[in-house]
Asks: 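Take this structure, written in structure tokens, and hold onto it; I'll ask about it next.
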Amino acid sequence: FGWRHAIVLASSDPQTFSAFILLAVVVVVAFGHPLALFARFLVMRATANHYAFETAYHQILAVRPRRGGYRQTAVHEAGHALMYALGARIPEDASAFIDTDTLSPSVGQVSFPGGRNGDFSYELLEWKLFTCLAGLVAEKIDTGTHGFGAGGDMRVWQDLAMPYLLLRTDITFFEEPKNDLEMESNKRELVVLKKQMLVAVTRFLRANWAVVLMIADRLEEAEYLDHEQLAQLLKGVKRTAGLPTAVWPAELGGVDL
């Protein structure tokens with residue numbers, strides 16, 4: 001309706017006009033938000049990737065790197081994979097991959113084989129802590145910064161660091177802090193541990209940076225590396241100070257380095 005038509009309708013048939021206004025208000029209140037979302041969807045679909053905003057799931061996936069933009073992920077996973085060189089062999093379940101399939105929310109991962117029922121020794125717990133930091137360190141060396149993937153690694157590190165510190169006999173770590181002093185003591189030990197481990201991992205990765213880049217190149221090319229391929233790439237890695245030795249259970253099999 002134009003303004004004149006609305007005035008004519010209001011004066012000639014006020015009941016119909018009032019009903020129309022009421023109906024318009026109901027439509028706006030009831031459907032305004034869904035209609036706004038639909039309009040936003042149409043605009044984004046017209047200006048962005050046709051498939052990127054089909055569902056909420058695809059909206060999340062839209063932030064993933066484009067094909068060919070996985071270098072940072074490959075370097076991150078290569079940093080983790082280098083830590084397998086700290087053992088005399090690589091277990092059969094060891095693997096590294098990056099996922100360039102835009103229908104998968106997982107971008108990359110390096111496996112962590114465990115013993116039966118998921119058990120692993122103090123030495124492997126320590127190795128895992130260092131390995132959690134290696135992806136972050138690799139990105140930091142390569143670009144000077146790190147991506148969001150490091151956040152997940154740090155949460156795992158935090159979860160493992162507390163039982164690790166409880167097992168240490170050279171420090172005091174409180175399983176259930178009862179006051180602020182004990183809480184501050186625990187925080188201090190966590191900070192010291194992280195700093196020490198970051199220094200050791202950084203030294204190790206810098207000493208073997210050519211190997212890290214070689215693994216990253218292979219991941220970009222093949223997207224998946226099994227334990228035998230990793231073993232070939234990790235031969236000749238130089239060990240540096242302050243790092244644990246990964247002693248894998250015999251039941252896990254694997255190949256010698």
Side-chain angles (χ1 to χ4, degrees), residues 60-61 63-87 89-114 120 124 127-160 197-198 200-240 243-244 246 248 252 254-255 257:
I60 295 173
L61 295 181
V63 302
R64 287 169 51 90
R66 296 170 184 247
R67 182 172 291 277
Y70 289 82
R71 183 62 182 180
Q72 187 174 7
T73 301
V75 169
H76 179 104
E77 303 306 336
H80 288 311
L82 184 72
M83 305 304 285
Y84 275 118
L86 295 176
R89 63 189 173 88
I90 298 184
E92 288 182 6
D93 291 342
S95 64
F97 78 88
I98 61 172
D99 189 354
T100 59
D101 179 3
T102 56
L103 295 180
S104 171
S106 177
V107 179
Q109 182 179 336
V110 169
S111 65
F112 175 56
F120 49 92
L124 286 181
W127 177 85
K128 177 64 172 176
L129 283 166
F130 280 96
T131 301
C132 284
L133 300 176
L136 177 152
V137 171
E139 289 190 59
K140 194 78 172 177
I141 294 173
D142 190 50
T143 64
T145 185
H146 55 77
F148 292 114
D153 292 336
M154 291 311 304
R155 285 191 292 272
V156 175
W157 186 92
Q158 184 86 7
D159 290 341
L160 295 175
M197 288 188 167
L198 282 171
V201 173
T202 302
R203 185 189 305 120
F204 181 56
L205 264 64
R206 287 191 182 279
N208 297 282
W209 190 242
V211 179
V212 174
L213 295 181
M214 184 167 55
I215 297 172
D217 290 342
R218 289 294 305 277
L219 279 172
E220 282 193 298
E221 177 187 350
E223 298 187 11
Y224 177 84
L225 299 173
D226 62 21
H227 72 290
E228 292 182 344
Q229 292 168 314
L230 287 172
Q232 289 295 322
L233 292 167
L234 293 175
K235 286 183 177 178
V237 168
K238 304 171 188 174
R239 190 183 182 92
T240 55
L243 294 169
W248 299 100
L252 294 181
V255 294
L257 285 175

Asks: Please list all pairs meeting side chain to side chain donor-acceptor pair (under 3.5 Å) that have one or both residues in residues 127-137, counting only residues at least two apart or in different chains.
Replies: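 Side chain to side chain donor-acceptor pair (under 3.5 Å) check on residues 127-137 returns no pairs.
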Asks: Is there side-chain contact between L136 and D153, with heavy atoms separated by less than 4.5 Å?
Replies: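 In short, these two side chains do not touch, never coming nearer than 4.5 Å.
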Asks: Only pairs under 3.5 Å count here: list side-chain donor-acceptor contacts from residues 206-219, not counting sequence neighbours, and write none if there are none.
Replies:
| from | atom 1 | to | atom 2 | distance (Å) |
| --- | --- | --- | --- | --- |
| N208 | OD1 | K238 | N | 2.7 |
| N208 | ND2 | F204 | O | 3.0 |
| N208 | ND2 | K238 | O | 2.8 |
| D217 | OD1 | R71 | NH1 | 2.7 |
| D217 | OD1 | R71 | NH2 | 3.3 |

Asks: Take Q229 and Q232 through the side chain to side chain contact (heavy atoms under 4.5 Å, CB included) test and state the conclusion after the steps.
Replies: CA-CA 5 Å; Q229 292 168 314; Q232 289 295 322; 5.8 Å; no
Asks: Does V110 form a side chain to side chain contact (heavy atoms under 4.5 Å, CB included) with M83? I'd like the steps, not just the answer.
Replies: CA-CA 10 Å; V110 169; M83 305 304 285; over 6 Å; no
Asks: Between Y84 and P113, is there a side-chain heavy-atom distance shorter than 4.5 Å?
Replies: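 Side chain of P113 against side chain of Y84, heavy atoms only: contact under 4.5 Å found.
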Asks: Can you find a side-chain donor-acceptor pair between H227 and E92 that sits under 3.5 Å?
Replies: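 Per modelled atom types, H227 and E92 side chains form no pair under 3.5 Å.
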Asks: Can you measure from CZ (F130) to CE (M197) and round to the nearest 0.5 angstrom?
Replies: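 Reported to 0.5 Å precision, the distance equals 4.0 Å.
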Asks: Judged by modelled atom types alone, do Q72 and E139 share a side-chain donor-acceptor pair under 3.5 Å?
Replies: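 The criterion, which ignores hydrogens and geometry beyond distance, is satisfied for E139 and Q72.
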Asks: To the nearest 0.5 angstrom, please state how far the CD1 atom of I98 sits from the CD atom of Q109.
Replies: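 Here the rounded value is 13.0 Å.
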Asks: Taking only residues two or more places apart in sequence or in another chain, which ones pass side-chain contact (heavy atoms from CB on, under 4.5 Å) with L257?
Replies: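 With sequence neighbours excluded, L257 shows a side-chain contact (heavy atoms from CB on, under 4.5 Å) to I90, A231, L234, given in chain and number order.
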Asks: Do D142 and H76 have a side chain donor and acceptor closer than 3.5 Å?
Replies: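 The answer is no; no qualifying pair exists.
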Asks: Determine whether T73 and E220 satisfy the following criterion, side chain to side chain contact (heavy atoms under 4.5 Å, CB included), listing intermediate values before the conclusion.
Replies: CA-CA 9 Å; T73 301; E220 282 193 298; over 6 Å; no
Asks: For P91 and L252, which heavy atoms make the closest approach, and how far apart are they?
Replies: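 Nearest pair, atom of P91 first, then L252: CB-CB, 3.9 Å.
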Asks: The criterion is side-chain contact (heavy atoms from CB on, under 4.5 Å); which residues satisfy it with R203, sequence neighbours excluded?
Replies: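 For R203 the side-chain contact (heavy atoms from CB on, under 4.5 Å) partners, ignoring immediate neighbours, are V199, A200, T240, A241.
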Asks: Closest heavy-atom contact between A94 and S111?
Replies: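 Taking every non-hydrogen atom into account, CA-OG, 3.3 Å.
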Asks: Please check this pair: side chain of S95 against backbone of L225, looking for a donor-acceptor N/O pair closer than 3.5 Å.
Replies: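 The answer is no, because no donor-acceptor pair under 3.5 Å joins these two groups.
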Asks: Go through the steps to decide whether L198 and K140 satisfy the test side chain to side chain contact (heavy atoms under 4.5 Å, CB included), and finish with yes or no.
Replies: CA-CA 11 Å; L198 282 171; K140 194 78 172 177; over 6 Å; no
Asks: E228: what forms a side-chain contact (heavy atoms from CB on, under 4.5 Å) with it, not counting sequence neighbours?
Replies: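 For E228, the residues satisfying side-chain contact (heavy atoms from CB on, under 4.5 Å) (neighbours in sequence not counted) are D226, V255.
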